[in-house]
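To start, the structure itself, in structure tokens.
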Amino acid sequence: MHCDIYKASTRDELYVYIARPDYPDDADGFQDPFAKLPSDLRKALGRPSFVMHLDLSERQRLARVDIQQVLSAFDELGYFVQFPPDGLISPTAMAPEGLRGA
């Protein structure tokens, strides 16, 4: 299974994986990769930018998500949304006070 990955412009670490089951034969008919996405999700992505194309059949794992979850979502929805990891440090957070007792 092939897919394209796009990064959201509205939120760091938010990605959407779009299934490409007919790749490379779908090159002519793959005009709007976001057509399968609900309108609320399209709005939440802002202006997504292309990150990469992957052949998931050549991989056993992905860095942050379970590949089986991605494939299951592809079967059910045609896409998968990767949310930011829990505990992601905010760039606006206050600097740590320092090491105590050091």
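Heavy-atom basis, side chains included; hydrogens, waters and symmetry copies ignored.
- The nearest pair of heavy atoms linking Cys3 to Ala19 is CB-CA, 4.3 Å.
- For Leu37 against Val16, the heavy-atom pair with the smallest separation is CD2-CG2, 4.1 Å.
- At a threshold of 4.5 Å between non-hydrogen side-chain atoms, the residues His2 and Asp22 do not count as touching.
- Within the model, atoms CD1 of Ile67 and CG of Leu62 stand 4.5 Å from one another, a figure rounded to the nearest 0.5 Å.
- The list of side chain to side chain donor-acceptor pair (under 3.5 Å) pairs with a residue in residues 37-52, not counting sequence neighbours, is empty.
- Both Ile5 and Met1 sit in one connected hydrophobic cluster of ILVMFWY residues. Membership requires side-chain heavy atoms under 4.5 Å apart, directly or through other members.
- Phe50 and Leu54 fall into different hydrophobic clusters, where Ile, Leu, Val, Met, Phe, Trp and Tyr residues are linked whenever their side-chain heavy atoms come under 4.5 Å apart, directly or through other members.
- Minimum interatomic distance between Glu13 and Lys7 (heavy atoms only, all atoms of both residues): N-NZ, 4.1 Å.
- Leu45 is not listed as a side-chain neighbour of Tyr6, based on a closest heavy-atom distance of 4.5 Å or more.
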Could you go through residues 72-85 and list every donor-acceptor pair under 3.5 Å that involves a side-chain atom there, pairing it with any protein atom two or more places apart or in another chain?
{"residue": "Ser72", "atom": "OG", "partner": "Gln68", "partner atom": "O", "Å": "3.0"}
{"residue": "Gln82", "atom": "OE1", "partner": "Tyr17", "partner atom": "OH", "Å": "2.5"}

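- One hydrophobic cluster holds both Leu56 and Met52 under the rule that ILVMFWY side chains link at heavy-atom gaps under 4.5 Å.
- The hydrophobic cluster around Tyr23 extends to none of the other residues, as no ILVMFWY side-chain heavy atom falls under 4.5 Å of it.
- Taken to the nearest 0.5 Å, the CG atom of Asp25 stands 10.5 Å off from the CZ atom of Arg20.
- Of all heavy-atom pairs between Ala44 and Leu14, the closest is O-CD2, 4.4 Å.
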